[in-house]
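Some notes on the structure that comes next.
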Amino acid sequence: MVTIERPGDLAQWIGKPFPAAEWFTVTQTLIDQFADLTGDHQWLHCDPERAARESPYGITIAHGLLTLSLMPRLRAALYEVRHTSSGVNYGADKLRFTAPVKCGARIRLQETVRELTPIAGGVRFLSDVHVEVEGEPKPALVIETIGLLFD
């Protein structure tokens, strides 16, 4: 994990990916909990027997929005900004779910800060983010995120 002292110090990471973090396993329990939370109980996610018979993947897959919702957890394994009063998810652009996350797969986040802009009391930063799936050629998710960090 990278330790960054202050929000403005993210500037030293522009164009350089953060070092890869540990893999995180997406379990059926996690998928089912997300289904319960969102009400999305589609069989492709929640019925392992049917998925084994009928799914093109041969197994259940995580909801794309579950993968997206894991980003804060995965990002926390990449870096921390020590001297910040708060951080805010400001938005995202160009979100794509480019490959499935099969039940039992291991994922991790790759992030590269593309742009840093001073704002009142902190910085706004734009990052290119990919959620990788171990052993798969394509990422599960590709997104441009926009965050705010305050001094």
Close side-chain approach of Tyr79 to Thr3, heavy-atom, < 4.5 Å: no

With a 4.0 Å cut-off on N to O distance, would you call Lys138 and Glu132 a salt bridge? no

Contacts of His45 meeting ring-ring contact (aromatic ring centres under 6.0 Å, His included) (sequence neighbours excluded), chain-then-number -> His63

Distance (rounded to the nearest 0.5 Å) between Asp93 CG and Ile146 CD1: 4.5 Å

Residue set satisfying side chain to side chain donor-acceptor pair (under 3.5 Å) with Arg96, at least two apart, ordered chain then number -> none

More than 12 heavy atoms of other residues, nucleotides or ligands under 6.0 Å from CD of Glu5: is that the case? yes

For Leu68 and Leu95, what are the C-alpha separation, side-chain angles and deciding distance, and is it a side-chain contact (heavy atoms from CB on, under 4.5 Å)? CA-CA 9 Å; Leu68 178 65; Leu95 168 63; 4.1 Å; yes

Do Glu144 and Ser127 pass the side chain to side chain donor-acceptor pair (under 3.5 Å) test, and can you show the C-alpha distance, the side-chain angles, and the key distance before you say yes or no? CA-CA 6 Å; Glu144 294 177 358; Ser127 291; over 6 Å; no

Begin with the C-alpha distance, continue with both residues' side-chain angles, and end with the deciding distance and a verdict on side chain to side chain donor-acceptor pair (under 3.5 Å) for Arg75 and Thr145. CA-CA 12 Å; Arg75 178 177 270 155; Thr145 63; 3.1 Å; yes

May I ask you to decide whether Glu22 forms a salt bridge with Arg108, counting only side-chain N to carboxylate O separations under 4.0 Å? no

Does atom NZ of Lys94 have more than 12 heavy-atom neighbours, drawn from other residues, nucleotides or ligands, at distances under 6.0 Å? no

Compare every heavy atom of Thr112 with every heavy atom of Lys16, then report the nearest pair and how far apart it is. N-CG2, 3.7 Å

A side-chain contact here means heavy atoms from C-beta on lying under 4.5 Å apart; do Leu65 and Thr38 qualify? no

Can you tell which of Ile119, Leu116, Leu148, Val123 makes a side chain to side chain contact (heavy atoms under 4.5 Å, CB included) with Pro7? Val123

